[in-house]
Structures are given as C-alpha cells and as structure tokens.
Undergrad: 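Provided herewith is a single structure, encoded as structure tokens, for subsequent inquiry.
In each ligand, atom 1 is the first atom listed, and ligand 1 is the first ligand listed.
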Amino acid sequence: QINEAEVVAFSVPSYACQRRIALDHHNTVLADALSLLAENAELSDEDGRGVAFRRAAAVLKALPRQVTSMAQLKGLPCLGGHSLRVIKDVLDNGASDEVESTKRSERYKALKVLTGIFGVGAKTAARWISEGIHTLQQLQASGHTLNRAQQAGLEHYDDLNQPVTKAEADAIGEIVEKAVVSVLPGAQVTLTGGFRRGKLAGHDVDFLITHPEEGREEGLMPKVVSWLVKQGFLLYQKTTRNSYLESKDDPQSAVRVDLVVSPVSQFAFALLGWTGSKLFERELRRWAGYEKAMSLSSHALYDNNQGRYLRAASEEEIFAHLGLEYIPPSERNA
Ligand code: DCP
Ligand code: MG
C-alpha cells in the first residue's frame, strides 16, 4: 500500500549555476552512471547528448538525499526519458545495462585509449578506429604520422594519464610562480580549474597569470615558456594555453599544465571562466544569454539590452551582474 504523502519530491532550480554542488554528494552511483554515458557521447563527438547526460547528472548531485524511488524525481528539471531509464535501471537492478555494456564495448575502450594521447581528440580517434586501430601498439604499427604534440603525448602516455595529485599541483605551482616572477616581478599566479574547486586530483593543473598594472602582462607567456625551457622544465607547448611540464630532476614524470595570461581588467572573468566545472561554465553562459540577454566569456560580460560591457573586479560582482546568488568555487562542482 502506497502512502502518497510519504513520497517527498525534490526540488532543484533549472540551471546548474543556480545550485550549490559540493564535491561530496548523495547520489554518486547514479551520477557516475550518467557521467559515463556523457563521456561516451563526448568521445563519440555527440556533444548534445553529452550535455544532456551531464545536466541530468548535475541535478542528481544537487539533491539533499539519496534517491531511492522514481517518484522522488517528479518535476525535476533536465531529466529526459533516456536519463530516467538509466536511473530506473540502477534503482531496480543496482546497475544499468547500457552503462555496463558501454564500459565493455571495444569502441568505448578504444576511444578512451586513443584520446588519452595528448593532442588527440574525438574526431581523430574515430578516424583511426574506422581503420581498425584500437590500441597504441596498432597505432604505432599503422605508420600514421603524428604531429609533435601527439608524438610527445605518446612518449609520455602513462605519465600524462596518471591523475595529478594536489601535492604535485602545489609543487608545480611553486615552479610556475618562480618562472612568472622571474620574468615579470609583481605578476600574480592563481590556481584555477578543478584544484580551485577543492578536487584532490585532476587531469592537469590550471593556472591564471596576471599583473596588477594593466598592460604589463603583454608578451608574458612566451617569456614564461622560455624561462621554463631554459630551466629544463617545459617539454612541449601546443598553443598559447595547453602545455605540459616535465620535471627536471625526474625526467620520467610529465604533467599537463594549462597556463592562461589575463590583463587585470579581465581577471575576474578569466578566473570565473577557468575555475569550472565545464558544465557550470556552460550553464552560466546559457543563463546569461537566455535569462539576461547578456554574453559571458572568460574575457568580458556584454549586456545586449544596455549595449555595453559590464565591468567587474571580482567573481562576486559578475554573479551580481547576472542576478545570481554567489556560488563559491567549492560549490561549482556541477
Ligand atoms: N573550460 C571550459 N570549457 C572547456 C575547457 C575548459 O569551460 N572546453 C574551463 C572549465 C574547466 C577549466 O576550464 O573547469 C579547466 O579545464 P579542465 O579541462 O582542466 O577541467 P578541470 O580542471 O575542471 O578538470 P580536471 O580536474 O580533470 O583537470
Ligand atoms: Mg584542470
């Protein structure tokens, strides 16, 4: 006998940037299942499906208790039919057939292995798979010419796929700090990305660099890079941002590092834009566009109605411009 009054449906705001999502939450099993399907969609170059699963996972992460019945999910945003089927499967059977068979599929495994190479994206991996290449050995035997980033990525494959710990991130932060102040005294380095959100491990270490005097940061990136190269640290640089470091004392260990330089007038936007999570960022931009007629980037915020850029010296001011409650980095883990 079902007592309807006992089923308390949860309530969650529509946009992930309106929710506080800490690293620890109450629905890890369900969120992990949906995240795996999101990852598989992203690896298959189906970003729309990927975002749909990410949004569904982020709703579950925001719930105040563990989900035990489908009835609790009534009225929640972002839960489409596909996500609901996966959730039901997990609640009924302890696991989802679709998730388990995806994990076991040759295609998913090959996509993981190949995109694990620094410089290889979903499209390249898919092309190789269509040629029957599923492993690093098969890739090497195929005679494909890899670009410089990919060659380096292959050479340091194991290192670059090893999660970076917070301790390593801090050690690298000291090196970057030293490089930056050596080439531009007074410049400031801020840890962004997952580590700023409180994660204890990450796939890379993200830093944002600025100088309190506008304009002084110009031309800083190449100088920082050449300082690091001279010290024997920097192995390879892909673009102005993606790069990775190799430790001088231990040539075996390589770590991905992302460096971003921002003029101080844009610093708050860059800080907000590079702290993540990726879904949180996407939702902030969606909120800005759809709800406020504003365009947000990691450089600026433009108000389409007023026809002007809105200045901000802090993340708090940007949230205020957007009409959102301030969410601290540790609760942006959507
Ligand atoms: N970012 C973004 N969109 C992208 C890439 C990055 O919004 N396509 C922003 C949000 C990310 C931040 O940059 O959180 C850093 O990118 P990472 O890929 O390093 O993401 P995280 O640091 O969050 O994760 P990890 O711990 O795996 O490094
Ligand atoms: Mg990161």
Undergrad: Provide the number and element of each atom of ligand 1 under 4.0 Å from a heavy atom of G276.
TA: 10 (C), 11 (C), 14 (O)
Undergrad: Is there a donor-acceptor contact under 3.5 Å linking the side chains of E217 and T210?
TA: no
Undergrad: F53: what forms a ring-ring contact (aromatic ring centres under 6.0 Å, His included) with it, not counting sequence neighbours?
TA: H82
Undergrad: Is it the case that ligand 1 has an N or O less than 3.5 angstrom from some N or O of R285?
TA: no
Undergrad: Step by step, work out the salt bridge (charged side-chain N to carboxylate O under 4.0 Å, His left out) result for D170 and K166.
TA: CA-CA 6 Å; D170 289 338; K166 180 67 166 75; 2.7 Å; yes
Undergrad: Pick one of side chain, backbone, both or neither for how R282 approaches ligand 1, counting any non-hydrogen atom pair under 4.0 Å.
TA: neither
Undergrad: May I ask you to list the atoms of ligand 1 that are less than 4.0 angstrom from any heavy atom of E281?
TA: 7 (O), 10 (C)
Undergrad: Report the C-alpha separation of E325 and R20 in whole Å, then their side-chain angles, then the decisive distance to 0.1 Å, and conclude whether the salt bridge (charged side-chain N to carboxylate O under 4.0 Å, His left out) test is met.
TA: CA-CA 10 Å; E325 189 186 327; R20 295 173 175 273; 2.9 Å; yes
Undergrad: Hey, does F207 have a side-chain heavy atom less than 4.5 Å from the side chain of L191?
TA: yes
Undergrad: Using heavy-atom distances, let me know which of T192, D258, D204 sits nearest atom 19 (O) of ligand 1.
TA: D204
Undergrad: What are the atoms of ligand 1, with element, lying closer than 4.0 Å to any heavy atom of R197?
TA: 14 (O), 23 (O)
Undergrad: With Q18, which residues qualify under side chain to side chain contact (heavy atoms under 4.5 Å, CB included), at least two apart?
TA: P13, S14, Y15, W287, L324
Undergrad: Nearest 0.5 Å, what's the OG1-CD distance between T145 and Q151?
TA: 9.0 Å
Undergrad: Quick check against the 3.5 Å criterion: does E46 have a side-chain atom that pairs as donor or acceptor with the backbone of A41?
TA: no
Undergrad: Calculate, to the nearest 0.5 Å, the distance between atoms CZ and SG belonging to R332 and C17 respectively.
TA: 11.0 Å
Undergrad: The Mg ion (ligand 2): which protein N, O or S atoms are under 2.8 Å away?
TA: D204 OD1, D206 OD2
Undergrad: Atoms of ligand 1 less than 4.0 Å from T275 heavy atoms?
TA: 14 (O)
Undergrad: For ligand 1, which is the ligand I care about here, please tell me if G194 has any N or O atom under 3.5 Å from one of the ligand's N or O atoms.
TA: yes
Undergrad: Looking only at heavy atoms, is any part of H203 under 4.0 Å from ligand 1, and if so is it the side chain, the backbone, or both, or is it neither?
TA: both
Undergrad: Quick check: S277 and ligand 1, any N/O pair under 3.5 Å apart?
TA: no
Undergrad: Work out whether the distance between some heavy atom of G273 and some atom of ligand 1 is less than 4.0 Å.
TA: yes
Undergrad: Determine which pairs satisfy side-chain hydrogen bond (donor to acceptor under 3.5 Å, both in side chains) with at least one residue from residues 21-33, sequence neighbours left out, and list them in order.
TA: none
Undergrad: For ligand 1, is there an atom lying under 4.0 Å from some heavy atom of R256?
TA: no
Undergrad: Quick one: does T124's side chain get under 4.5 Å of L114's, heavy atoms only?
TA: no
Undergrad: Of all the atoms in ligand 1, which lie at a distance below 4.0 Å from a heavy atom belonging to D206?
TA: 15 (C), 19 (O), 22 (O)
Undergrad: What's the separation between atom CZ in R256 and atom CZ in F118, rounded to the nearest 0.5 Å?
TA: 6.0 Å
Undergrad: Can you check whether Y157's main-chain N or O pairs, donor with acceptor, with N161's side chain at less than 3.5 Å?
TA: yes
Undergrad: So if I count the atoms of ligand 1 from 1 in the order they appear, which ones are less than 4.0 Å from some heavy atom of G193?
TA: 22 (O)
